[in-house]
Amino acid sequence: MRFKSDALFKYSTQTASWTPASRAQQGTQPQSIKIEGDITLGGLFPVHSRGPAGVPCGEIKREKGIHRLEAMLYALDQINSDPELLPNITLGARILDTCSRDTYALEQSLTFVQALIQKDNSDVRCSNGEPPIIPKPERVVGVIGASGSSVSIMVANVLRLFAIPQISYASTAPELSDNSRYEFFSRVVPPDSYQAQAMVDIVKNMGWNYVSTLASEGNYGESGVDAFLQISREAGGLCIAQSIKIPREPRPGEFDKIIKRLMETSNARGVIIFANEDDIKRVLQAAKKANLTGHFLFVGSDSWGSKNSAIEDQEEVAEGAVTILPKRASIDGFDQYFTSRSLENNRRNIWFAEFWEDDFKCKLTRPGIKYDPGRRKCTGEERISRDSQYEQEGKVQFVIDAVYAMAHALHSMHLDLCAGSMGVCEKMDPVDGRMLLQYIRSVNFNGSAGTGVMFNENGDAPGRYDIFQYQMSNVSNPGYKNIGQWTNHLRLNPEEMQWSGGDRKIPESVCSFPCESGERKKMVKGVPCCWHCELCDGYQYLLDEFTCDMCPFDMRPLENRTGCRPTPIIKLEWSSPWAIIPVFLAILGILATTGVIVTFIRFNDTPIVRASGRELSYVLLTGIFLIYLITFFMIAEPSVAICAFRRLFLGLGMCISYAAMLTKTNRIYRIFEQGKKSVTPPKFISPTSQLIITFILISVQLLAVFIWFGVMPPHTIIDYEEQKPPNPEFARGILKCDMSDLSLILCLSYSIVLMITCTVYAIKSRGVPETFNEAKPIGFTMYTTCIIWLAFVPIFFGTAQSTEKMFIQTTTLTVSMSLSATVSLGMLYVPKVYVIIFHPEQNVQKRKRSFKAVVQAATVTTHLSLNESAKET
């Protein structure tokens, strides 16, 4: 059994001075706690905050300083009272204050290496000539600490020179994972590289891709942000809008400028913050001052964690902040230990009286210190937690685990080197630091919170984090709520999250919002998370998120432009207004033509029918009938047969009609021209000759059509260009025959030539008396027909650019043809039918006259007409 009583502890005598100023004046002699033991461990804690310029130390830090320091003392008590761990060996300690400053901590830590520095005292003699008796300084085998990463880095650079292992309870800078530079450094907290990975996972899980970073100047902040940036680059899909560093000594207005810079990229609402507690608080204050409460969405590192002090009086700005903290538990044994501490039973802690004054807001009466009447006097009867607010500091667990890790390593080392020996054997006196490091890296035990304590090859603890969110709205007890955890992968509970105003929907922090359907991304150069959305216009569709492509010629884009769909096929429907009028006229014309033909057949041998030239009349009526009939072929659904009929009958009906009329007018013109010269009738004026001439003229049209059939057989096509307006929703493919506007005009051109020729003969024959022939009715027919077709041309070609081109042109063509047929029918045959039906008494045989008598009568009539005209003028 080893002796375990307070007599083991020898307290430092430097307890008189308490103020920072007096402490600064003490010179190089460090203030420390000295606890005697067989093996001495060093301890580094930020008992005081950083002092103002010229003063190393400031105000006492109750939680980060005293709580953590007492956690080491508590752990030493537990280990020294444990008969299974380091039996018969007492652990002692030399604990120093770093004052939260790396340079000051470096000076203090020289205490740990004094025993290892060889000093030459050969020239030193006492007055009696004897060599002086110089007490051998204590030898520190390992160091627990430090807290801040910058302090740990500074101290680690010294300790490695003397092979003194170091275990930190709070330093998380990724830089310390570099085993080549900090080989004697280990830590029971995971490095910020794990923390940064967890924060990247959190950001991506919330759907953010555009965030800013804030870092306090120094190893912790800068290395944390660097790790975040590196991991985000490797993971991809995450862009950094701003990466801002908070100066170590910020000037007035510095934080207002930081907020303004963050607002330059206002879409980046997410702010990743690796900063110390003071900087966090001032950032929140600046955001509140700028009236930006609720705008920024903070994701805080473990320096924020679940601390209320960091957000005191700034709760509204911090609402919704997601923070991360190494997985930890409150150690009940420490709570019982710490709340039982008093001025009487805790004299070993030389800073405890200062803590007491700060915690209870009272003043102790001590020699050399002037009493402050503004503060009440401490009674010494105050009790922690009863008379003051108490909450266990978050890193207490890790301080205890760090001390236990060192103890377990020493225990294993003792078992191997001092088997069967009581206490420290010669092989462990002194302790080999490099060998102790190997034992430290090999420890594996359940820590104070029941979780495993172990180290990897770089001395890092495994990454285990709790994820918190600060919530206010709709919460009876505002504060940090556990919303998930990270152990090599993220487990987040989105349903537990709550944002500013009680909103459950995760806010967005993106550079560019997703493009609407049918819009492509036009990337911003150099910023892969930012883009402009451009609509795929016209007949383009979204090929991929970056490219618009044209739909095939027979397709149009979907309404959302994610693909293409077939363009609807249309044709001229019978129910269309464009078809109803032509069909109506055609039906009337067919009925009228049929009535005339029936009448002529019924009264075939009557004088009027015979005088009109029965044979050519039937041919002409057939042509008129075909002109009306073509309307139905032009409107019918295109097919190979329909297209063939269109080619055949489009020009044939007009050709037949005008060929017959041309033959008639030519016959009349030749008869009366010949009569002026002789009494001999001209050739080819018999009905048979007239029919032959007519059929010869018709055969030219038929021959051209059949040649066309041979060269280019009729077929249907779907024209996608004719009705392709800028808006693809109105695009239509038109089912039509393979007849272009040019081929249609060529098909009618021969009939137009016949019509013009007939008109010329009608003009030449205008002087012939109408009582003798049909010259004048034919003339009026041709004049009217020419006017109709002159009106047709501009309408037909003027609509070439219209989206309704096919319908307008078809209607125009069929109506024009029906009108020209109607004119012919009305001028030439309706009067005859009227006489035949209603005045049969006029349909009688008149006295026959010779050809000579007819010519003479016509000549006299012509002369009389000319003389009357001369007199009138």
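- A pairwise comparison of heavy atoms in Val527 and Tyr210 identifies CG1-CE1, 4.4 Å as the closest pair.
- Using a 4.0 Å cut-off between charged nitrogen and carboxylate oxygen, Asp738 and Arg646 do not count as a salt-bridge pair.
- Around CZ of Arg602, the count of heavy atoms belonging to other residues, nucleotides or ligands within 6.0 Å does not exceed 12.
- Contact check for Leu819 versus Thr785: no side-chain heavy atoms found under the 4.5 Å cut-off.
- The SG atom of Cys511 lies 11.5 Å from the CG atom of Leu238; values are rounded to the nearest 0.5 Å.
- Shown here for Thr716 and Cys643, the closest heavy-atom pair between the two residues is CG2-SG, 3.8 Å.
- Using a 30° and 60° split on the angle between ring planes, Phe706 and Phe709 fall in the perpendicular class, above 60°.
- The aromatic rings of Tyr720 and Phe553 lie perpendicular to each other, with more than 60° between the two planes, well past the 30° mark.
- Atom CG of Leu748 and atom SG of Cys655 lie 10.5 Å apart (nearest 0.5 Å).
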Exercise for the section: Start with the C-alpha distance between Arg520 and Thr547, add both sets of side-chain angles, then the distance that settles side chain to side chain contact (heavy atoms under 4.5 Å, CB included), and finish with yes or no. Expected result: CA-CA 6 Å; Arg520 76 176 186 95; Thr547 312; 5.8 Å; no

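- Looking at Trp208, its side chain does come within 3.5 Å of a backbone N or O of Pro507 through a donor-acceptor pair.
- The environment of Ile601 atom CD1 is dense: over 12 non-hydrogen atoms of other residues, nucleotides or ligands sit within 6.0 angstrom.
- Between Ser743 atom OG and Trp708 atom CH2 the span is 4.0 Å, to the nearest 0.5 Å.
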Exercise for the section: Evaluate side chain to side chain contact (heavy atoms under 4.5 Å, CB included) for Tyr829 paired with Leu621, printing each intermediate quantity in order. Expected result: CA-CA 9 Å; Tyr829 294 103; Leu621 287 170; 3.8 Å; yes

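- Cys pair Cys239/Cys530: SG-SG separation is not below 2.5 Å.
- Side chain of Lys204 to backbone of Gly236: a donor-acceptor contact under 3.5 angstrom is found.
- Considering every non-hydrogen atom in both Ile627 and Ile630, the closest pair reads O-CG2, 2.9 Å.
- Between the side chain of Ser657 and the backbone N or O of Ile624, at least one donor-acceptor pair lies under 3.5 Å.
- In this structure, cysteines Cys533 and Cys515 have SG atoms closer than 2.5 angstrom.
- Residue Arg610 holds its CZ atom at 9.5 Å from CG of Asn604, rounded to the nearest 0.5 Å.
- A heavy-atom distance below 4.5 Å is not found between the side chains of Ile608 and Phe603.
- Residues satisfying the side chain to side chain donor-acceptor pair (under 3.5 Å) criterion with Lys521, sequence neighbours excluded, are Glu545.
- Taking the charged nitrogens against the carboxylate oxygens, Glu534 and Arg561 have no contact shorter than 4.0 Å, which rules out a salt bridge.
- A distance-only check finds a donor-acceptor pair linking the side chain of Thr811 to the backbone of Trp578 [under 3.5 Å].
- Between the side chain of Ser699 and the backbone N or O of Ile696 there is at least one donor-acceptor pair closer than 3.5 Å.
- For Phe546, the CZ atom counts as densely surrounded, since its 6.0 Å shell holds more than 12 non-hydrogen atoms of other residues, nucleotides or ligands.
- Considering all non-hydrogen atoms of both residues, Ile698 and Ala659 come closest at CG1-CB, 4.0 Å.
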Practice task
Check the pair Thr567 / Tyr539 against side chain to side chain contact (heavy atoms under 4.5 Å, CB included), numbers first and verdict last.
Solution key: CA-CA 11 Å; Thr567 301; Tyr539 289 80; 6.0 Å; no

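- At least one side-chain heavy atom of Leu626 sits under 4.5 Å from a side-chain heavy atom of Ile656.
- Summarising the geometry of Ser639 relative to Cys737, their closest heavy-atom pair is O-SG, 4.5 Å, with the distance given to 0.1 Å.
- Residues Phe807 and Gln723 meet the side-chain proximity criterion, which asks for heavy atoms closer than 4.5 Å.
- For Tyr628 (side chain) and Thr822 (main-chain N/O), a donor-acceptor pair under 3.5 Å exists by modelled atom type.
- Shown here for Asp201 and Leu490, the closest heavy-atom pair between the two residues is O-CD2, 3.5 Å.
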Problem - Tyr750 vs Tyr658, side chain to side chain contact (heavy atoms under 4.5 Å, CB included): CA-CA, chis, key distance, verdict - result: CA-CA 10 Å; Tyr750 181 64; Tyr658 297 134; over 6 Å; no

Exercise for the section: Kindly determine whether Cys536 and Cys548 satisfy disulfide bond (SG atoms under 2.5 Å apart), including the steps that lead there. Expected result: CA-CA 6 Å; Cys536 294; Cys548 293; 1.8 Å; yes

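- Contact of the Tyr541 side chain with the Leu558 side chain is not registered, since no non-hydrogen atoms from C-beta on lie closer than 4.5 Å.
- Counting only heavy atoms from C-beta outward, the side chains of Val705 and Leu652 never approach each other to under 4.5 Å.
- Counting non-hydrogen atoms of other residues, nucleotides and ligands closer than 6.0 Å to CE of Met712 gives a total of 12 or fewer.
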Problem - Working for salt bridge (charged side-chain N to carboxylate O under 4.0 Å, His left out), residues Glu729 and Arg565 - result: CA-CA 11 Å; Glu729 287 302 307; Arg565 53 182 169 164; 2.5 Å; yes

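- Formation of a donor-acceptor pair under 3.5 Å by the Arg556 side chain with backbone atoms of Pro728 is found in this model.
- The CG atom of Leu620 sits 9.5 Å away from atom OG1 of Thr663, with the distance rounded to the nearest 0.5 Å.
- Side-chain atoms of Ser820 come within 3.5 Å of backbone atoms of Met817 as a donor-acceptor pair (strictly under, hydrogens ignored).
- Between Lys522 and Trp531, the closest side-chain pair of non-hydrogen atoms is not below 4.5 Å.
- Taking a 6.0 Å sphere around CD of Glu495, one finds it holds more than 12 heavy atoms contributed by other residues, nucleotides or ligands.
- Checking side-chain atoms of Tyr618 against main-chain N and O of Phe600 turns up a donor-acceptor pair under 3.5 Å.
- A donor-acceptor pair under 3.5 Å links the side-chain atoms of Ser517 to the main chain of Asn560, judged by distance alone.
- Between Cys564 and Pro552 the shortest side-chain heavy-atom distance falls below 4.5 Å.
- Interatomic distance, CD1 of Ile808 versus CG of Leu813, reported as 13.5 Å (0.5 Å rounding).
- Pairs of residues two or more places apart, or lying in two chains, never qualify as salt bridge (charged side-chain N to carboxylate O under 4.0 Å, His left out) while including a residue from residues 744-761.
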